[in-house]
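Nothing here was measured: the structure is a model prediction, and the numbers come from that model. Only heavy atoms go into these numbers, but all of them, side chains included; no hydrogens, no water, no symmetry mates. Every chain is numbered from 1, with letters handed out A, B, ... down the list of sequences.
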Amino acid sequence: MDVPSGIRFHGMPDCMITFNSVSKSYGTVHALHDLSLDLARGEIFGYIGPNGAGKTTTLKILTGLIRDYRGQVEIDGVDICTPDAQLHARVGYMPQDAGFQKWRTVEHALQTFGLLSGLDRTILPDAIDRALGRAGITEHRKRRITHLSGGTVQRLRLAQAILHEPDILVLDEPLSGLDPASRFQVKEIVREFASQDRLVLVSSHILSEIEGLATRIGILHEGRIREIGTPAELRNRYQVGMVVEVTVRPGTEIDWDLLAESPIMRVEPQGSTAARLHLDPSIDLDDAINLIMKRLLAHEIPIRGIQHVQPSLEEVYLQFTEGCT
Amino acid sequence: MTFRILYNDEMRGFAHSKIIIALWVGLPLLTLLIKFIQPDTEGIPLLIFAGAMVGSIGGTLSAVILSTTITGERNRHVYDLFLTRPVRRVTLLMAKFFAALTCLLGAAVMSLGLALAVDTATGVLMPDVGTQLGGFLLISVVGLAISSAVGVLFGVLINSTALSAILSVYLGGNLLSAIIILPTMLLDGLNIPLFTSLLGVLVPTTLMVVAVRVFNRKSL
């Protein structure tokens, strides 16, 4: 399903950021095609796409790192290219791969970035304490950045982004390279920011990473927004393949292919005692389950469970991006 | 305000990464080494050798330090974290330029001062030592300013750190010293201090303007 580019997806009353027909090329490579997008305060917008889709380009345009683009980007109705936008004071940016100068300690890096963000020297120590605590790296305060692990550096990138309490938090692949505990911590920070009526824009090439986090998701592919909506909307929209999971008694010898007749379009074994049955979308779910049960009983297969499975957004996303290429 | 923060930060960076030590100890040591290798300079003051050395080695060092630092930091996206704050690109480059210049001028002053002390101790002082010392200092300032500006320009233009270093060695020190010295040798009646001062303002300013324009257009 292709969404025509250049249209506005939402005319939201709380709109904070507006991308208006934004395009960017690198030589002959078109990174962004006529991107139009509104983002509202209080939302966590998941910006999803495979590597090279144009996510980082979008974020760098928003943060002012890329200036030579076509179109217009506004924050609260003010073009980001004008000083009135107060872009730098309002945006906190966590880049995907930004390095730190090798000689810096964690504390010194935050001191410099805090001062450059306009934080007063009197409140800077408290702001640093708070950012380090939120990012969970207080114990690394005095360490040189070159001596930190990749995951800790990633959390330091987050700490510098939230240091000045921005209205808009822009996170480029924030969960990559983090262990599960750190991921949880980062997600908590994101939720906390959004709950304070601030906007969080999170990019990722792995949808499942932010499926439970984002309140709205935009799927970017080859420089164009292909889909946009809440996770529930996307799931419903892509309910093209209803899935039913069947579990049988352990130890049962079963040939799942016996079930592979209409309305079952595909059988996907899940270990030795379960399988996911992908159904013809035109059939009613209850009818389908009834039919499957009858078929299982006819083959004297001892059923332990049968349930409707919501396809994960990751599956939707993979189907979608594969379909686009 | 932003300039001051960035300048202090750069100075602290030079201190932490031992660049200041390498310059402030290394360059005066080289001056002493000249005296050690050639104890009998046949009446030529060590100040002359030190002046030539500062112009040549100091200029090369300034260009190499700045070009490789800026190229490397650009490649590692270090500036992303600065430029998403209220920091103008021109301020970032100017802070680097002046911090490097401060470090090198410190080293130059120490080398020339040490040479002067040795000349005083060995009794080979020039009759107009004040004028000579002033001349060397002026040439050092101008030479280092030009070399530093070349370093900044290469840093923003070139994407390979190795290439930045090589070009800075070729063009940063010796060649640019020639820009200052050659006209003073070839043109009679030239007001050397005025000519050198003018060069010291015009050439680095032009190079920095070009560097800033290039940097402003770059997508980071």
* Structure fact -> Heavy atoms of A:S117 and B:P86 approach each other most closely as CA-CD, 4.1 Å

* Got B:L6 and A:L116 here, is their nearest side-chain heavy-atom distance under 4.5 Å? -> yes

* Residues, nucleotides or ligands: over 12 heavy atoms within 6.0 Å of A:R70 CZ -> no

* To do: Under the side chain to side chain contact (heavy atoms under 4.5 Å, CB included) rule, what do A:T105 and B:H16 come out as? Steps first, then yes or no, please.
  => CA-CA 10 Å; A:T105 63; B:H16 280 279; over 6 Å; no

* Determine whether B:F82 and A:T112 make a side-chain contact, defined as any pair of heavy atoms from C-beta on separated by less than 4.5 Å. => yes

* Under 4.5 Å from any heavy atom of chain A - which part of B:L83 -> both

* Quick one: pull up CG in B:D80 and CE in A:M94 and give me the separation to the nearest 0.5 Å. => 13.0 Å

* Asked: Does NZ belonging to A:K102 count more than 12 external heavy atoms closer than 6.0 Å?
  -> no

* **Atom CZ of A:R191: over 12 foreign heavy atoms under 6.0 Å** => yes

* Over 12 non-hydrogen atoms of neighbours within 6.0 angstrom of OH in A:Y26 -> yes

* **Closest-packed option against chain B by number of heavy-atom pairs under 4.5 Å, given A:L65, A:I66, A:V91** => A:L65

* Asked: Quick one: are B:T69 and A:Q101 in side-chain contact, heavy atoms under 4.5 Å?
  -> no

* If you count heavy-atom pairs under 4.5 Å between each of B:M1, B:E73, B:R12 and chain A, which one has the most? -> B:R12

* Write down the atom of B:H77, the atom of A:A98, and the distance for their closest heavy-atom approach. => O-CB, 3.4 Å

* Pairwise side-chain contact, A:R104 with B:D9, heavy-atom cut-off 4.5 Å (strictly under) -> yes

* With side chains defined as the heavy atoms from C-beta onward, is the minimum distance between A:R157 and B:L81 less than 4.5 Å? -> no

* Using non-hydrogen atoms only, which part of B:N75 is less than 4.5 Å away from chain A: side chain, backbone, both, or neither? -> neither

* Counting only N and O atoms by type, is there a donor-acceptor contact under 3.5 Å from the side chain of B:R76 to the main-chain atoms of A:F100? -> yes

